[in-house]
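Here's the structure we're looking at; comments come further down.
In what follows, every heavy atom counts, from backbone to side chain, and hydrogens, waters and symmetry copies are set aside. Numbering of ligands and ligand atoms starts at 1, following listing order.
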Amino acid sequence: ISAMGDEQSLMSQQQKPHITVLSSPGMGHVTPLIELARRLIVDHGFQVTVLAITTDAPPAQVQLLNNPSLPSDLHVVHLPQVDVSSTDSGDGPAGVVPRLLYIVQETLRSLRSVLISLQRPLSRALIVDPFCIEALETATDLSIPTYLFLTGSASFLALTMYFPTIHAAQVGRDYSNIGDKVCIPGCKPLWLDDLVPELLIPQLLNLSNRVPVLKGVLVNTWEELEPVTLSAFKENPFFLRVPSPPTYPIGPLTKIDTEPVASTESNLLKWLEKQPPESVVYVSFGSGGTLSAEQMTELAFGLELSGKRFLWVARPPSQANASASFFETGCDDARDPASFLPDGFLDRTRELGVVTLSWAPQVAVLRHPSVAGFVTHCGWNSVLESIVHGVAMITWPLYAEQKMNATMLVDEGVAVRIKKLQVEQDGKRIAGRREIETAVRMVMEGEEGKRMRQRARELQSSAVSALSHDGLSSGCLTRLGNKWRDGG
Ligand code: UDP
Ligand code: UDP
């Protein structure tokens with residue numbers, strides 16, 4: 001019987017059309033790509049191979065890929081580990097991206113042989129995240145159509161497509177002659193200050209130059225969230241003129257809450273159970289964000305002064321002002337939070353909040369009825385998870401395109417910005433305790449907070465309808481699925 005079962009499953013694997021998905025390490029990319037894979041399998045009858053980059057993979061990624069509730073037609077292939085001894089530890093934004101790009105580049109040396117060796121029908125498509133765009137040439141060589149899954153906003157995609165135009169207009173690395181705004185045709189203007197040039201430029205140009213050669217771009221957004229930018233792609237003469245592939249807004253694809261939670265995580269959820277409805281502010285800076293020691297102190301006092309209940313993922317402070325060290329994520333840090341939080345803070349706030357050092361089950365936290373506000377670094381997945389659970393935000397962008405995301409959320413009326421003040425001695429800008437207190441109160445109490453939460457709930461219902469059976473995002477994915485099935 002078992003042999004027959006195997007035979008049947010082999011047959012069905014030969015028959016089901018096959019898609020391959022490739023993601024760089026890091027939860028912000030793996031999570032939405034896995035959710036895409038899950039939908040392609042469950043709703044559209046594909047089998048999907050996920051090529052996982054294992055070097056520097058955080059524990060949370062390993063856990064996600066081993067999750068027993070993933071569908072059986074999802075096959076995870078671990079790409080070989082690469083030697084990173086020649087790169088630095090990746091601490092701080094300046095180190096993280098080069099290290100990540102190095103890992104991807106070295107790992108992708110094996111891509112050709114891996115794609116050839118997969119014991120399945122040839123992939124109808126290869127879907128890559130932005131850091132894996134280099135896979136395009138290999139896949140094209142093997143006649144596999146390549147699609148980008150942009151794990152950010154449509155606005156960020158518009159910037160990517162417009163970037164060669166901006167780049168041509170500036171002198172060296174100095175973009176100041178552009179003025180303080182970047183006006184992409186048909187889109188809302190972006191603040192130059194929000195673009196973090198030191199992080200975006202080389203990487204963005206690399207991506208921009210390859211976009212025209214792609215067969216399509218999937219974007220983790222939906223019509224009601226970014227109507228202006230999405231119409232610009234369809235109607236604006238600039239986007240019709242530049243060689244650009246079709247764009248498919250298929251979002252918001254966020255992690256579904258089926259993962260087993262570790263015991264420390266379940267304690268956090270038990271604590272939430274005991275709190276009154278809409279009383280807790282959740283504080284987290286994504287899978288890798290850390291703050292300086294000085295900034296941690298201000299945040300601690302800010303939370304305390306607000307008098308609001310809080311659940312804070314407080315990683316030990318970084319050396320740099322604000323940084324990302326994706327590669328430490330999910331580790332159980334043995335350090336005692338009392339060593340880097342203000343004296344007596346944990347005692348004084350014992351009744352008010354909980355602090356965890358490494359990782360919270362974020363989706364379960366955000367969907368909990370006790371949670372009403374989210375102090376967030378505005379990573380796109382955090383933004384989407386907050387919106388789909390109707391939670392208003394306090395923006396605290398750290399790196400990459402997060403400042404753009406923060407501005408959009410404030411403009412949408414679902415978030416409040418914390419003012420950052422210049423610290424006199426060393427010219428650094430940090431958010432002071434009073435500013436933090438004010439922003440937390442604004443979201444958690446009063447009319448303005450109510451309006452923001454109401455707006456978040458409106459967006460939440462638009463997300464639900466975009467993903468419903470006849471919703472626009474579902475329709476987009478169905479069109480793509482049909483195209484791949486028909487071999488188009
Ligand atoms: N995340 C989590 N627990 C944490 C921190 C992060 O589950 O303590 C998840 C979060 O739900 C999100 C992802 O990690 O899905 C982070 O992605 P995002 O795009 O927000 O930020 P990034 O980590 O890429 O900067
Ligand atoms: N910002 C924001 N919310 C915050 C902190 C910063 O939207 O909580 C934006 C805001 O536009 C601010 C800008 O980020 O003016 C600069 O912040 P930061 O000092 O961190 O960056 P820097 O100027 O050092 O690059």
Side chain or backbone, does Asn381 bring an N or O within less than 3.5 Å of an N or O on ligand 1?
yes

Proximal ligand 1 atoms for Gly286, defined as those under 4.0 Å from one of its heavy atoms:
5 (C), 6 (C), 23 (O)

Considering the heavy atoms of Ala360, write down every atom of ligand 1 situated less than 4.0 Å from one of them.
2 (C), 3 (N), 4 (C), 7 (O), 8 (O)

By number and element, which atoms of ligand 1 are closer than 4.0 Å to a non-hydrogen atom of His377?
20 (O), 21 (O), 22 (P), 25 (O)

Does the distance from a Lys or Arg side-chain N to an Asp or Glu carboxylate O, for Arg455 and Glu412, drop under 4.0 Å?
yes

Could you check whether the rings of Tyr248 and Tyr147 sit parallel, tilted or perpendicular, using 30° and 60° as the cut-offs?
tilted

Heavy-atom contacts with Glu385 under 4.0 Å: which atoms of ligand 1 show up? List them by number with element.
10 (C), 11 (O), 12 (C), 15 (O)

Considering the heavy atoms of Lys255, write down every atom of ligand 1 situated less than 4.0 Å from one of them.
7 (O)

Are more than 12 heavy atoms, taken from residues, nucleotides or ligands other than Lys308, located less than 6.0 Å from that residue's NZ atom?
yes

Does some side-chain heavy atom of Gln362 sit less than 4.5 Å from a side-chain heavy atom of Phe374?
yes

Quick note on ligand 1: atoms under 4.0 Å from a heavy atom of Met27 include exactly 14 (O)

Quick one: does His29 get a heavy atom under 4.0 Å from ligand 1?
no

Steps toward side chain to side chain donor-acceptor pair (under 3.5 Å) verdict (His75, Gln47)
CA-CA 8 Å; His75 320 285; Gln47 54 174 319; 3.2 Å; yes

Taking Arg309 as the fixed residue, which of Met444, Gln275, Glu351 is the one that meets the side chain to side chain contact (heavy atoms under 4.5 Å, CB included) rule?
Gln275

Using a strict cut-off of 4.0 Å, indicate which atoms of ligand 1 neighbour a heavy atom of Trp380.
19 (O)

Where does Phe285 meet ligand 1, judged by heavy-atom distances below 4.0 Å: at the side chain, the backbone, both, or neither?
neither

Gln362: numbered ligand 1 atoms lying under 4.0 Å from its heavy atoms
1 (N), 2 (C), 3 (N), 5 (C), 6 (C), 7 (O), 10 (C), 11 (O)

Taking the basic N atoms (NZ, or NE/NH1/NH2) and the acidic carboxylate oxygens, is any pair closer than 4.0 Å for Arg348 and Glu304?
yes

Taking NZ, NE, NH1 and NH2 as the nitrogens, is one of them in Asp56 or Arg99 under 4.0 Å from a carboxylate oxygen of the other?
yes

Geometry only, no angles: is Ser284 polar-contacting ligand 1 at N/O separations under 3.5 Å?
no

